[in-house]
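Below, each value reflects all heavy atoms present in this structure, side chains not excepted, and no hydrogens, waters or symmetry copies.
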Amino acid sequence: MISLESIRRKTGLVLLVIGLGMGAFILMDLMSASGSRKGVTNIVLQVFEDEYDLTEFQQRVQSASKNQQNQDRNISDVRDSEFSSFKREKIFENQFNKLSIEVSKEENKDMIYGDNVHPVLKQSEIFINPETGLFDNQLVVQYLQNVSNDQTGQGEISFRSFEKQIQYARKEQKYNVLLFQSSYVTEEFALSTYKKQNSFRDVSYISIPITTIADSFITISNSEIKDYLKNNSDQYQQEESRSFSYVVFDIVPSETDSNIAKIYLENIKDEWLDFESNDSSNSIFVNKYSDGNTSDFYNISIEELKNNYIAKSPLLYNNQIYGPVVSGEGYSLLKLHKQDASKLEKGKSLDSVRVSVVFKNVFAGSQSRKKVFAEAGSFCTNNNNKKLFNQAIIDLGLTKRIKEEMKKGETNIVGLNDPSEIITWVNGSNEGDVSSVFSLDEKFVVVCLDLIKEKGTKNINEVETEIKSILTKKQKENIIIEEINTANYNSLSDLIDIFGGEIKNIKQISFNDSQIPGLGQELSFIGSVFATNQGSLTAPIKGQSNIYVAYVDSIVNPVDSNFYGVLEQLKNTSKNRSLYDAFIALEKQAEVVDNRINLNYY
């Protein structure tokens with residue numbers, strides 16, 4: 001029998017096993033709190049008009065941050081990852097409800113202690129029979145019977161949470177099966193694909209560069225640019241974004257700070273000399289006075305010892321202390337181990353010796369921090385608009401750092417750890433504003449919001465040059481094509497006589513080719529030659545930089561119609577992509593609203 005005390009002791013183990021095992025099955029959520037939350041003010045996510053409270057997401061993040069796999073991850077990264085999963089699950093939960101996809105009581109029992117137990121439970125040591133070494137359903141039953149008597153309630157909460165997780169996984173599995181079963185590829189499509197894969201063209205062609213028409217010959221009006229943008233606005237959409245500049249004032253230790261560290265080490269020399277020379281006492285001293293994770297003992301080469309520590313004191317003595325000397329971002333004291341010192345005194349040759357080291361970091365003191373803060377404060381006070389901000393950077397020789405087009409939901413700024421306060425300020429400020437001083441780790445930061453771009457069609461000033469280039473190219477193409485169409489020609493040679501150039505050949509072009517040797521990506525060229533009969537010329541073809549006319553020399557079609565291998569391949573591809581494609585489509589329809597920025601939780 002599993003005792004109540006055993007449950008209390010092993011609940012942590014079960015949590016750990018479940019937490020690690022569910023990585024493959026996703027799903028760290030307290031589903032009892034899920035569902036539509038209309039009317040709740042603290043909304044972090046909205047999908048399909050269903051609203052979800054920040055508290056639910058916070059519980060999820062707290063649970064994930066305790067997972068061993070996330071111990072070394074930045075909390076912002078954990079939140080980001082969990083939000084992606086949170087959003088995905090809520091979108092699919094909406095579909096499960098619409099399609100009445102459920103997990104019955106019988107299915108639930110089957111996953112926990114029936115014939116099809118969930119793999120995470122099967123692998124949990126607490127449910128392994130010590131006599132057989134195999135999973136034992138009855139141990140799960142006993143656990144559930146006893147866990148209800150646990151007055152702390154932690155065992156039942158953790159297990160019910162896990163139960164909700166595997167129920168979600170089963171629902172998603174059913175949804176996947178629905179998608180797989182609805183995925184269909186017709187034989188006609190498979191045959192067409194087979195023919196495209198096994199049909200080839202040999203062609204000859206000429207190319208007329210668009211650059212043969214000078215830019216000066218082309219005139220593009222402002223109204224043409226505006227009309228093109230209006231008619232093609234779907235190609236020039238942008239998300240809301242904010243661009244900003246920032247200056248970093250690094251907090252650097254002063255000479256006074258450096259001397260404090262040196263004096264600290266000088267003051268402990270006598271105490272270290274008086275310490276007993278055994279390893280245990282020495283370890284106690286090092287751990288007491290040393291910063292960081294300094295090992296009690298390690299080996300140092302004789303060359304490094306003499307170069308860095310004893311250049312001014314060539315004599316070596318038992319338990320002698322050397323330093324302090326500069327070491328990384330601080331100072332070190334070194335104590336030579338007694339046995340190795342004795343060997344050196346006797347003139348014995350050693351490659352390295354055993355030493356112990358006390359290390360002291362050099363930190364910027366309060367005065368140093370105040371001085372840098374004053375510099376940063378003076379900078380933002382005296383340069384409180386965009387023009388002054390940029391000019392002061394030049395005048396003072398500072399380094400201007402730029403973050404271009406930060407989208408809503410972005411949480412990272414290169415070179416700055418946990419810049420949440422800066423991101424909140426940027427998202428709530430007006431164009432041209434200069435911030436007060438932000439304190440981040442060992443630096444102060446001042447920010448200027450340079451540009452705000454609203455969601456929608458891009459401003460014409462941003463795309464004018466691009467559109468003018470497109471329209472210029474179109475006009476040149478039309479001029480060349482008109483000249484070809486009005487020319488009297490029956491062959492590529494006739495066109496060479498008119499436009500110059502040379503006839504070139506390409507062998508074995510496939511309809512599925514994405515690149516043509518010597519031409520690059522010219523999909524219109526491929527489409528045209530496959531739409532042209534053998535022994536015929538194509539109409540003029542608009543290419544990336546040329547106008548082409550091609551002659552189809554020969555056509556090779558497949559000798560059979562054995563397309564069933566292609567049919568199976570297409571079916572598998574369609575099935576394998578079905579869940580991913582479904583999520584992409586649902587995400588667009590869901591009109592997702594991410595409120596993490598507004599709630600300052602990212």
Side-chain angles (χ1 to χ4, degrees), residues 247-277 279-301 303-337 341 353-381 396-399 415-419 421 436-446:
V247 179
V248 174
F249 295 84
D250 290 308
I251 303 171
V252 181
S254 66
E255 186 176 349
T256 300
D257 298 321
S258 179
N259 289 332
I260 289 172
K262 289 172 68 176
I263 292 170
Y264 172 89
L265 294 178
E266 290 285 0
N267 288 341
I268 65 171
K269 273 186 175 182
D270 292 340
E271 184 180 350
W272 200 5
L273 283 171
D274 293 339
F275 243 65
E276 295 181 33
S277 59
D279 286 1
S280 177
S281 298
N282 196 74
S283 295
I284 292 173
F285 186 91
V286 170
N287 290 327
K288 178 181 179 181
Y289 288 107
S290 189
D291 290 336
N293 298 318
T294 303
S295 301
D296 295 340
F297 299 97
Y298 66 94
N299 290 330
I300 184 172
S301 70
E303 182 179 3
E304 183 180 352
L305 177 69
K306 292 186 176 181
N307 288 342
N308 296 335
Y309 288 93
I310 61 175
K312 296 181 180 179
S313 305
L315 298 177
L316 297 171
Y317 302 98
N318 290 346
N319 296 322
Q320 181 65 38
I321 296 173
Y322 301 96
V325 297
V326 175
S327 179
E329 296 182 357
Y331 289 89
S332 292
L333 279 183
L334 177 145
K335 188 175 186 180
L336 190 63
H337 192 267
V353 291
R354 189 162 175 256
V355 298
S356 51
V357 173
V358 173
F359 175 75
K360 185 64 178 174
N361 274 313
V362 176
F363 295 107
S366 59
Q367 292 303 315
S368 298
R369 298 183 69 88
K370 288 178 181 178
K371 180 181 178 183
V372 179
F373 180 79
E375 292 175 5
S378 173
F379 178 86
C380 69
T381 301
L396 298 174
L398 301 175
T399 300
L416 302 180
N417 292 326
D418 192 18
E421 290 186 7
S436 56
V437 180
F438 294 104
S439 177
L440 281 77
D441 293 336
E442 295 301 307
K443 58 191 67 168
F444 295 115
V445 182
V446 179

Looking only at heavy atoms, the pair that brings S439 and R369 closest together is OG-NH2, 4.2 Å
For V445 against L440, the heavy-atom pair lying closest together: CG2-CD1, 4.4 Å
Rounding to 0.5 Å, atoms CG (N259) and OH (Y331) come to a distance of 7.0 Å
Starting at CD of E442, measure out to CG of N417 and round the result to the nearest 0.5 Å. 11.0 Å
A quick test of your reading: do over 12 heavy atoms of other residues, nucleotides or ligands sit less than 6.0 Å from CD of E375? yes
Mind listing the closest non-hydrogen atom pair of C380 and S436 along with its distance? SG-CA, 4.2 Å
Just checking, any donor-acceptor pair under 3.5 angstrom between side chains of S254 and D257? yes
Distance from F249 atom CZ to F379 atom CZ, nearest 0.5 Å? 5.0 Å
Evaluation steps, side chain to side chain contact (heavy atoms under 4.5 Å, CB included), between L334 and V325: CA-CA 9 Å; L334 177 145; V325 297; over 6 Å; no
Just do the side chain to side chain contact (heavy atoms under 4.5 Å, CB included) check on D291 and Y264 with the steps written out, would you? CA-CA 12 Å; D291 290 336; Y264 172 89; 5.8 Å; no
Spell out, as yes or no, whether a donor-acceptor pair under 3.5 Å connects the side chain of S290 to the backbone of F359. yes
The single option from V358, L333, V357 passing side chain to side chain contact (heavy atoms under 4.5 Å, CB included) against V286: V358
Specify the closest pair of heavy atoms between K443 and L416, including all atoms of both residues, with the distance to one decimal. CD-CD2, 3.9 Å
Angle between ring planes, F373 versus F444, binned at 30° and 60°: parallel, tilted or perpendicular? perpendicular
Identify the heavy atoms of N361 and A261 that sit nearest to each other, and give their distance. O-CB, 4.0 Å
Carefully, step by step, assess K335 and F285 under the rule side chain to side chain contact (heavy atoms under 4.5 Å, CB included). CA-CA 11 Å; K335 188 175 186 180; F285 186 91; over 6 Å; no
More than 12 heavy atoms of other groups within 6.0 Å of K262 NZ: no
Check: L265 main-chain N/O paired with K360 side-chain donor or acceptor under 3.5 Å: no
